[in-house]
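Okay, so here's the structure we're looking at.
Just so we're clear, the structure is a prediction, and the values are computed from it rather than from any experiment.
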Amino acid sequence: MTNVLYSAVPLDRAHHVRRDAQALETLRRSPEKRVVPYWRELSLVADDTAVVTHGTQAAELLDLAREIVFLGQDGEGHPVFAADISGVAPETDGGTPNLGLGGTWQGLRGIGGLLPPGEAALLGYARALLIWHHRSRFCGSCGAPTESRDGGHSRHCLDTTCNGQNYPRTDPAVIMRVTDRDSILLHRQPAWPAGQWSVLAGFVEPGETLEEAVSREVREETGILVADVAYAGSQPWPYPSSVMIAFSARAVGGTLTPCPHELEDARWFSRDTILAEFDERHRGKGTGLFLPTKGSIAHRMIQDWLAAY
């Protein structure tokens, strides 16, 4: 499965450079560098385009940053960094900083699907790494402070007895398209906009395979038993640090009983019903049905199933 949101970051991640402190410093001082700004889980966007700074603006962002991550090199060889400037005060109470960069600070979940795919992937990559840094300032083993190393791709415990190494983590989550002949099982979450339905998903637990996680999650959340679990693709999901691993599965038994602690509702929908009643124009209106955002792997899974008939 290709062309899903947040995939295919348009960079050479330049792994060989990360452990060369002198080379990293040279790239950081280079007038050719590019810097992706990030502020309190918000990204900077102008006219549905990611703001990636260069020149004086890029240098100023690095000076303001409390955390800097080397993301890699773009197609023209420019070094690309992400800068967390969350320590910069907002211009007004409840507002955002005004650094003369143009654009507005926006949550990636709301704007990601409207950006060019490569730019959305770049912002997602930066976001995931910087949130990991914010959450890993202290060692999980001994509680001592940690410091960033390897261009921001590891953190090192400063306690000489512990001396632990910590690396960015990605939490695996399964997302599954469960079908029964010409019907597909969709669900709603209480926090979702009215009218939105999607395929089931859930996190993988310790001690189980991905396929076991699919079967367990479907059974726990809906009471449906499945078989023929098959891999269908994957998608980076920087909220904050997951990868969505997609599977198809066939219902073979059970009684549909939505778990009230997990779901608002779950139902079987026929292909004809989805084609006739689901419409993206219903989004935000409070009436009518619609599918997940275009570009998401959930949307792609449903559309691929519709197209197969």
Side-chain angles (χ1 to χ4, degrees), residues 1-39 41-45 49-86 101 108 112 115-137 146-157 164-172 234-244:
M1 187 176 292
T2 59
N3 300 322
V4 293
L5 192 60
Y6 306 125
S7 66
V9 175
L11 298 177
D12 175 356
R13 300 193 183 215
H15 180 270
H16 62 285
V17 178
R18 295 176 185 173
R19 295 184 180 179
D20 188 334
Q22 184 175 351
L24 280 172
E25 183 60 23
T26 298
L27 292 177
R28 179 173 169 171
R29 295 178 179 274
S30 168
E32 299 299 317
K33 63 180 171 289
R34 304 292 190 260
V35 175
V36 178
Y38 168 91
W39 184 81
E41 300 199 16
L42 300 179
S43 300
L44 194 58
V45 177
T49 301
V51 173
V52 180
T53 63
H54 57 89
T56 302
Q57 289 182 334
E60 290 174 349
L61 283 173
L62 294 186
D63 289 340
L64 291 171
R66 68 182 186 187
E67 197 68 63
I68 298 170
V69 173
F70 173 63
L71 299 178
Q73 294 175 302
D74 67 18
E76 298 179 353
H78 302 135
V80 183
F81 295 86
D84 183 354
I85 60 166
S86 297
L101 302 176
L108 189 58
L115 299 173
E119 295 182 9
L122 179 64
L123 295 186
Y125 176 28
R127 184 182 194 278
L129 274 174
L130 291 173
I131 289 178
W132 171 74
H133 277 283
H134 178 69
R135 296 183 176 186
S136 305
R137 292 176 294 170
T146 61
E147 70 175 8
S148 175
R149 294 189 180 178
D150 299 335
H153 291 265
S154 73
R155 292 190 72 88
H156 186 86
C157 178
Q165 293 280 353
N166 190 12
Y167 296 92
R169 62 174 296 162
T170 298
D171 299 316
S234 62
Q235 176 184 33
W237 196 247
Y239 301 107
S241 56
S242 298
V243 57
M244 305 295 289

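Put simply, OG1 on T49 and CG on L44 are 11.5 Å apart, with the number rounded to the nearest 0.5 Å. Here the CZ atom belonging to R34 is positioned 12.0 Å from the CG atom belonging to L11, to the nearest 0.5 angstrom. To the nearest 0.5 Å, atom CH2 of residue W39 and atom CG of residue L64 are 13.0 Å apart. Summarising the geometry, atom CZ belonging to R169 is positioned 10.5 Å from atom CZ belonging to R135; distances are rounded to the nearest 0.5 Å. From H78, atom NE2 reaches atom NE2 of H54 across 9.5 Å, with rounding to the nearest 0.5 Å. To the nearest 0.5 Å, atom CG of residue N166 and atom NE2 of residue H133 are 9.5 Å apart.
Scanning both residues, R28 and K33, for their nearest heavy atoms gives O-CD, 3.0 Å. Residues P79 and F70 approach most closely at CB-CE1, 4.2 Å, considering heavy atoms. Looking at every heavy atom in both residues, T146 comes nearest to C157 through CG2-CA, 4.0 Å. Nearest heavy atom pair, residue W237 against residue Y6, reads CZ3-CE1, 3.8 Å. Heavy atoms only, all atoms of each residue included: A83 and L61 are closest at CB-O, 4.1 Å. Contact between E67 and S148 at its shortest, heavy atoms only, is OE2-CB, 3.2 Å.
Between Q165 and H156, some side-chain heavy-atom pair lies under the 4.5 Å cut-off.
With Q235 contributing its side chain and V4 its backbone, the two residues share no donor-acceptor pair below 3.5 Å. The backbone N or O of V35 lies less than 3.5 Å from a partner atom in the side chain of T53, making a donor-acceptor pair. Without hydrogens or angle criteria, S30 side chain to E32 main chain gives a donor-acceptor distance under 3.5 Å. Side chain of S43 to backbone of Y38: no donor-acceptor contact under 3.5 angstrom is found.
By the side-chain hydrogen bond (donor to acceptor under 3.5 Å, both in side chains) test, S241 pairs with no residue at all, sequence neighbours left out.
Between L108 and the choices L115, V45, L5, the side-chain contact (heavy atoms from CB on, under 4.5 Å) rule is met once, by L115.
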Show every donor-acceptor pair shorter than 3.5 Å between a side-chain atom in residues 121-130 and any protein atom, with sequence neighbours excluded, or say none if there are none.
unit_1	atom_1	unit_2	atom_2	d
Y125	OH	L71	O	3.1
R127	NH1	P238	O	2.4
R127	NH2	E41	OE1	3.2

Taking distance alone, no hydrogens or angles, what donor-acceptor pairs closer than 3.5 Å link side-chain atoms of residues 16-27 to residues at least two apart or in another chain?
unit_1	atom_1	unit_2	atom_2	d
D20	OD1	Q22	N	3.3
D20	OD1	A23	N	3.0
E25	OE2	R29	NE	2.7
E25	OE2	R29	NH2	3.2
T26	OG1	Q22	O	3.0

